[in-house]
2 protein chains.
Amino acid sequence: MSEQITEKQRNALEFIQKEINERGRPPTLREIGSRIGVSSTNGVRYVLDALERKGYLERSPMLSRGIELTSRSMPRTEQAKMRLVPVLGRIAAGMPLLAEQNIERHVTVDRSIAKSDDTFALSVRGDSMIDAGIHEGDVIFARPQNSADSGDIVVALLGDEATVKYFKPQGDRVLLEPANRYFSPIIIEKGTPGFRILGKVVGLMRKI
Amino acid sequence: MSEQITEKQRNALEFIQKEINERGRPPTLREIGSRIGVSSTNGVRYVLDALERKGYLERSPMLSRGIELTSRSMPRTEQAKMRLVPVLGRIAAGMPLLAEQNIERHVTVDRSIAKSDDTFALSVRGDSMIDAGIHEGDVIFARPQNSADSGDIVVALLGDEATVKYFKPQGDRVLLEPANRYFSPIIIEKGTPGFRILGKVVGLMRKI
DNA sequence: AAATATACGGAACATCCGTTCATGTGTCAA
DNA sequence: TTGACACATGAACGGATGTTCCGTATATTT
């Protein structure tokens, strides 16, 4: 499968990738030929046969421009590696978290941070988590979940205000602990109405 | 320009978008026709004429699958709010900064952070900037420039080691100041060989 | 040396595919 | 009604494009 490819084959493959990316359609045999310096369509066919045999592309017989790239030679790495994440603003109580009206804007972020497709984001207000390296204005990314492990940094909803804190359950209470010695922990009795864990913080992004 | 399009035209446009996205090539007139329920190629041609007139696509005459989408009809998620940024590893002295061999991997990031297209990234090693909220393992983004203003956070090259520090020029010396009271500033005499400012830090990304 | 495989060139062929033309349908205004 | 126009069918035409067949040149193998 993972065989070596020749210079000519690599040229052809790169040309095909470029054409699909820039023009939205694969080239014809003759177009490929004139690019890689092969004058007969049969020569090009030969090159494509080799690339297909080695698993870099697939062809549909008797179809004009019937070349498809396989995942290994996909130039769409750009698309695949990113995710469009909604940034929440004020959160209207009672609405689903990702309701249109809660969404302020969208940011793109690498999938290594936004692993699940329901990841959401939040602009940080205030300095309460500064000792955890979370500053005012940072955009934090969170994975939705309604509980968390002790010590996790979570996004919690208090009324219609979302807040970022360390999560510390203590018996029948929950401590939301800031990372700033000038701030006091928030103590929540279990079952307090309007209190909810929205998710666990999994990443952050900062403009400096 | 911004005219209304009919149901049939919208169907055709969406089908074309889908085909280009999923198969990497535009459909033929007959393929479009069978999808939108128009049996003659001339009927399809009529629909495409309308879409071209209204600015949703462009066609190359006498070319199989010669349809190109204009920017306005690109699906939104691809509408590149993002940028693919190279993450540098060890930096080989004497090589251009973005030389292939310096690049460890790529990450996608929102354009609001990577504004210029020569933005580069770096994995942070060590805790020397922790009081600036820059932690070990963070990926920082920098815009290339060979000088900076006092107080800027910069990426500097010392030999083949890149380091992130506050930039504080002092007469004929340069102070590279850490944001950690347990670390000492680095003092560089002007003209020291192997010393170079690589860029100014403009953003960061963290996986938690 | 003979045989075989690789890597093309060149031309004929068959199919694909956009274009054109002749010919309806409806709808709407004059 | 009449005529103009938007929208479609169907068929025929011709250029675009993949396929096939035959040949050649070089290298590798037997």
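Naming: A, B, ... by sequence-line order, numbering from 1 per chain.
- Within the 4.0 angstrom heavy-atom criterion, only backbone atoms of the sugar-phosphate kind lie near A:Ser39; the bases stay farther away.
- Both A:Arg30 and A:Gly37 sit near DNA chain C, but only A:Gly37 has its closest nucleotide nearer the 5' end.
- At the phosphate of C:dC17, neither OP1 nor OP2 sits under 4.0 Å from any side-chain N or O atom of B:Ser64.
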Quick one: which protein N/O atoms are closer than 3.5 Å to N/O atoms of nucleotides 5-7 of chain D? Pair and distance per line, please.
from: D:dC7; atom 1: OP2; to: B:Tyr46; atom 2: OH; distance (Å): 3.0

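- The residue among B:Met62 and A:Arg59 whose nearest nucleotide of DNA chain D is located toward the 5' end is B:Met62.
- In this structure, A:Arg206 and B:Ala132 approach most closely via the heavy-atom pair NH1-O, 3.2 Å.
- Looking at A:Arg10 and A:Glu14, a side-chain N of the basic residue comes within less than 4.0 Å of a carboxylate O on the acidic one, giving a salt bridge.
- Listed by first and then second residue, the salt bridge (Lys or Arg N to Asp or Glu O under 4.0 Å) pairs involving residues 28-44 of chain B are B:Glu31-B:Arg65 (not counting sequence neighbours).
- One interatomic measurement links the two molecules: CD1 of A:Ile5 to C1' of C:dT6, which rounds to 17 Å at whole-angstrom precision.
- Among the heavy atoms of the strands lying under 4.0 Å from A:Arg65 are primed sugar atoms or P, OP1, OP2 only; no base atom is included.
- Rounding to the nearest 0.5 Å places CG of A:Leu48 at 5.0 Å from CD1 of A:Ile67.
- Distance check: A:Met205 CE to B:Asp138 CG gives 13.5 Å after rounding to the nearest 0.5 Å.
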Quick one: which protein N/O atoms are closer than 3.5 Å to N/O atoms of nucleotides 21-29 of chain D? Pair and distance per line, please.
from: D:dC21; atom 1: N4; to: A:Asn42; atom 2: ND2; distance (Å): 3.1

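- Residue A:Leu29 contributes atom CG, which lies 20 Å from atom P of D:dG15 at whole-angstrom precision.
- In terms of the side chain to side chain donor-acceptor pair (under 3.5 Å) criterion, residue partners of A:Arg59 (sequence neighbours excluded) are, by chain and number, A:Asp49, A:Glu52.
- For B:Phe195, the side chain to side chain contact (heavy atoms under 4.5 Å, CB included) criterion is met by B:Ala156, B:Leu158, B:Val174, B:Leu176, B:Ile188, B:Thr192, B:Ile197, not counting sequence neighbours.
- Counting distance only, with no hydrogens placed and no angle test, the side-chain atoms of B:Thr41 and the base atoms of C:dT19 include a donor-acceptor pair under 3.5 Å.
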Worksheet item: Between B:Asp152 and B:Tyr166, does a side-chain contact (heavy atoms from CB on, under 4.5 Å) hold up when you go through it step by step?
Response: CA-CA 6 Å; B:Asp152 283 353; B:Tyr166 281 115; over 6 Å; no
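- Residues satisfying the side chain to side chain contact (heavy atoms under 4.5 Å, CB included) criterion with B:Ser150, sequence neighbours excluded, are B:Lys168, B:Pro169.
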